[in-house]
Protein chains: 2
Amino acid sequence: MGQLPTVEDVARAAGVSRQTVSNVLNSPQIVKPDTMTRVKAAIAELGYRPHASARRLRTRKSSTIGVRLDPMTNGISGSLLDRFLHALTEQAAERDLRVMLFTAQGPDGEIDEFSRLRDGADVDAFVLTSTVHDDPRTAWLLEHDFPFVTFGRPSGADDLGDPIHPWVDVDGFSGAQQATSHAIAGGARRVGYIGFADESTTALERRAGWAAESAQQLGLDGAELDTLSLAVVDGVPQGNAAALQLLGLPAPPDALVCASDSLALGAMMAAASVGRGELPVIGYDNTPVADAVGLSSVDQPLDLVAQSALELLFGTSGSTIVSRVHSATDPLYRLLTPTLVARKPTQLARVETSGSPVAGNHNER
Amino acid sequence: MGQLPTVEDVARAAGVSRQTVSNVLNSPQIVKPDTMTRVKAAIAELGYRPHASARRLRTRKSSTIGVRLDPMTNGISGSLLDRFLHALTEQAAERDLRVMLFTAQGPDGEIDEFSRLRDGADVDAFVLTSTVHDDPRTAWLLEHDFPFVTFGRPSGADDLGDPIHPWVDVDGFSGAQQATSHAIAGGARRVGYIGFADESTTALERRAGWAAESAQQLGLDGAELDTLSLAVVDGVPQGNAAALQLLGLPAPPDALVCASDSLALGAMMAAASVGRGELPVIGYDNTPVADAVGLSSVDQPLDLVAQSALELLFGTSGSTIVSRVHSATDPLYRLLTPTLVARKPTQLARVETSGSPVAGNHNER
DNA sequence: ACCAAGAATTTGAACGATCAAACAAAATCG
DNA sequence: CGATTTTGTTTGATCGTTCAAATTCTTGGT
């Protein structure tokens, strides 16, 4: 099994020329049916596979997407990125695209990597996550006219009308609205909200979703809404603290909507600790933790996010970068709608104790 | 900025030949110092960077490692893989290696991908995670003589004496031992254990570590140890249930060592729910959740795991695969020692409530 | 000063694929 | 039926780099 077969070997075996073999692979429609079968047989026979690097060299396409792995695993929500990465890799494979990882320290380090990967023709495009306002990375990519798409809208600009670059995002307003609506449907009349203490689009729109739904269905006014909500840094202890504070109010909330599963987990524990274990708490991101502790949570359609990202870069099919000059009918962005996953908040207490060892795989490592 | 400069352009600019430029980059020691400076200046001037695909085509090395992204995000511990991936990518970058992802359904699908990536010369080696006993994937790779390392020892074989393939693992015996020892140092006299209900090496060795330490320091015999331990499927609810059962014993444990943070989190909640919130609980894997809820946990040195994996594949430096015929002095495997990260179990309750919004980034998405 | 041995550099070929243009075969048409 | 188009296939060149062998330049010994 010494040498791998080349297009030359296949050509010889099938009694045709190199180029015909190449055509069978790349332009099947222009080759005559019976030569087609002959060549395909030879390919199967020899177990031929095109040499990726040779192809890349000639075509000047790497068929590879670069994604940066964030330096810090972002707390519980870190797995969000993990799941997105998985979805992206899977969707990419369907188009014969590959995902290449890189890491970097800070925006400048990341830009260095952009430059390196671009010049080495290692990647055709980047997918950026956790973008911030006035992101230097998107500025660099735009300036150098290199294809990319962001997961998260470019906050501050005219995102919907005339976005400065392609983006995909999940509608946080809708997510929070659904969560709130679900709590109300469950009988709540004062839905509290624990959100993020920053000015990001994400933070603002999720709170707005909760506020809008509370105002509309429960008739609460701005002052009441302010009383019922807190903005904190993301994290379990912060959620715990905030929930304790809200539950200590003269007129405490009878349900809690949180901007993350971390906050929600903290809130759940807080509620239990003050004897209100039955309090409905709804989280965000639908992380494994939410599933594990039976927490209702807003699920982001990461498969769709990944698919949309690829569509914005490569069109509805194929693996060739589409020009950034989109038609007016085909917008540069995708705003997707999340779904609420309802769970029984009492699941934890209900589980039956099992003394004898139970078989099963636990997916360690 | 039309065309990217090639080695040819640099050569012309520096007044030397192509090959000399190539030598400056690949064999610096054989080029005369002053031509060296001249060429380097030209490289900097033109902003030249070698074209990765062209190089790969010629050298027949891809300088890329393939890693499969597991289909399911493995519950809370999923982030373990995430962190490992990050460490691996970072370590790889230092050797000018890249990490390429792929996904697959089941072992057969993964083997198909192996074959595809190998034949396309996309990767030089694979890093496998979550290996199982008699893994068909390692069998295939061995049979086709393709370089790889596993994270996790090949259970069942003579791992230490004459391993059938290179592996890196973290010593679970030591980890559980440390956790147990820490609990005892904190005053515990009956340390309970909640572990995994399967026959994996991981499950066995962690329990053995706890058992050994309990026997030695506390003088407990086998029967008592059996009473104090349970084996369940990994998960928060299971941990909760198991902890409730252990705490309901006539002579309940005064501390709990768990084989995962998921189990530990469930156990913590169980303890709190029966008014034993002060009970020391120690988890495993040091996931973000453990950090968030202030849970002591055994930390796996993923940086070292990644570094060791690369060393086994590529030697102590460089990016060329080393032959699998290792010298006797240089074993085919690395067994690393984890570290216990001690945290205050009361952290959650202690956090002060903060009414006013606090600035800070919460790393959403 | 001469020649051999070593060091530094250059030249032609090759890696494996696709592109562009040239060519041959088949189909269409007046 | 010959001229013209359409369709299918082949040939030479090329992508940017490194390898292998050939060449030139240094150095040192006698």
Side-chain angles (χ1 to χ4, degrees), chain A residues 2-40 42-43 46-64 96 116 118-122 124 318-320, chain B residues 2-40 42-43 46-63 96 118-122 124 318-320:
Chain A
Q3 288 294 37
L4 259 61
T6 75
V7 70
E8 191 82 50
D9 300 318
V10 177
R12 194 168 20 247
V16 297
S17 71
R18 291 193 314 270
Q19 185 60 35
T20 302
V21 177
S22 174
N23 287 337
V24 168
L25 262 48
N26 302 306
S27 320
Q29 69 283 6
I30 75 164
V31 51
K32 207 152 76 178
D34 71 331
T35 39
M36 179 88 165
T37 17
R38 204 145 32 91
V39 172
K40 277 196 169 169
I43 288 181
L46 299 181
Y48 166 77
R49 272 207 248 266
H51 191 286
S53 294
R55 170 179 282 176
R56 294 206 250 270
L57 171 60
R58 192 60 180 97
T59 60
R60 313 177 132 283
K61 297 193 314 182
S62 67
S63 300
T64 302
D96 277 311
R116 198 181 316 283
R118 180 192 63 138
D119 293 348
D122 270 306
D124 290 339
S319 57
T320 309
Chain B
Q3 288 294 36
L4 256 55
T6 75
V7 71
E8 191 82 50
D9 301 317
V10 176
R12 194 167 22 246
V16 296
S17 72
R18 289 194 316 271
Q19 185 61 36
T20 301
V21 178
S22 174
N23 286 337
V24 168
L25 262 48
N26 301 308
S27 321
Q29 70 283 5
I30 75 165
V31 51
K32 208 153 76 179
D34 71 331
T35 39
M36 179 88 165
T37 17
R38 205 145 32 91
V39 172
K40 277 196 169 168
I43 290 180
L46 299 181
Y48 165 77
R49 273 207 247 267
H51 191 286
S53 294
R55 170 178 284 177
R56 294 204 249 270
L57 171 59
R58 192 59 180 99
T59 61
R60 314 179 130 284
K61 297 193 312 182
S62 68
S63 299
D96 277 311
R118 179 192 64 138
D119 293 348
D122 270 305
D124 290 338
S319 56
T320 309

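In what follows, chains are A, B, ... by sequence order, proteins preceding strands, each numbered from 1.
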*Can you tell me if the side-chain N/O atoms of A:Thr35 get under 4.0 Å from OP1 or OP2 in D:dT9?*
yes

*For B:Ala14, does its backbone N or O pair with a side-chain atom of B:Arg38 as donor and acceptor, under 3.5 Å?*
yes

*Atom NE2 of B:His51 and atom C1' of D:dT18: how far apart are they, to the nearest Å?*
15 Å

*Evaluate side chain to side chain contact (heavy atoms under 4.5 Å, CB included) for B:Ile43 paired with B:Leu25, printing each intermediate quantity in order.*
CA-CA 10 Å; B:Ile43 290 180; B:Leu25 262 48; 3.4 Å; yes

*Rounded to the nearest Å, what distance is computed from the CG atom of residue A:Asp122 to the C1' atom of nucleotide D:dC15?*
16 Å

*Phosphate oxygens OP1/OP2 of D:dT18: is one of them under 4.0 Å from a side-chain N or O of B:Asn26?*
yes

*Which sits closer to the 5' end of DNA chain D, A:Asp34 or B:Tyr48, going by the nucleotide each is nearest to?*
A:Asp34

*Between D:dT18 and B:Ser22, is there an OP1 or OP2 to side-chain N/O distance shorter than 4.0 Å?*
yes

*Tell whether A:Arg18 reaches the base of D:dG12 with its side chain through a donor-acceptor pair below 3.5 angstrom.*
yes

*Take the protein atom CZ of A:Arg12 and the nucleotide atom P of C:dA17, then report the distance between them rounded to whole Å.*
12 Å

*Nearest of D:dT9, D:dA20, D:dT17 to any side-chain atom of B:Gln19?*
D:dA20

*Euclidean distance, atom CZ of residue B:Arg55 to atom C1' of C:dA14 [Å, nearest integer]*: 17 Å

*Atom NZ of B:Lys32 to atom C1' of D:dC25: distance rounded to whole Å?*
7 Å

*Below 3.5 Å, does any donor atom in the side chain of B:Arg58 face an acceptor in the base of D:dT18, or the other way round?*
yes

*Could you check whether A:Thr59 gets within reach of a base, just the sugar-phosphate, or nothing at all, counting any heavy atom under 4.0 Å?*
sugar-phosphate

*Please determine if B:Arg56 and A:Asp122 form a salt bridge, counting it only when a charged side-chain N lies under 4.0 Å from a carboxylate O.*
yes

_Main chain of A:Leu57, side chain of B:Ser53: is a donor-acceptor contact present, judged purely on distance under 3.5 Å?_
no

*Nearest-angstrom distance from the residue atom CD1 of B:Ile43 to P of D:dT17*: 10 Å

*asked:* Counting the atoms with a prime plus P, OP1 and OP2 as sugar-phosphate, which does A:Thr6 contact under 4.0 Å by heavy atoms, base, sugar-phosphate, or nothing?
replied: sugar-phosphate

*Nearest whole angstrom, please: distance from the C1' of D:dT17 to the NZ of B:Lys61.*
13 Å

*Whole Å only: how far is the CG atom of A:Leu25 from the C1' atom of C:dT18?*
11 Å

*asked:* Check this one for me: any side-chain N or O of A:Arg60 less than 4.0 Å away from OP1 or OP2 of D:dC15?
replied: no

_Approximate separation, where rounding is to 0.5 Å, of B:Arg55 CZ and B:Ser62 OG_ = 12.5 Å

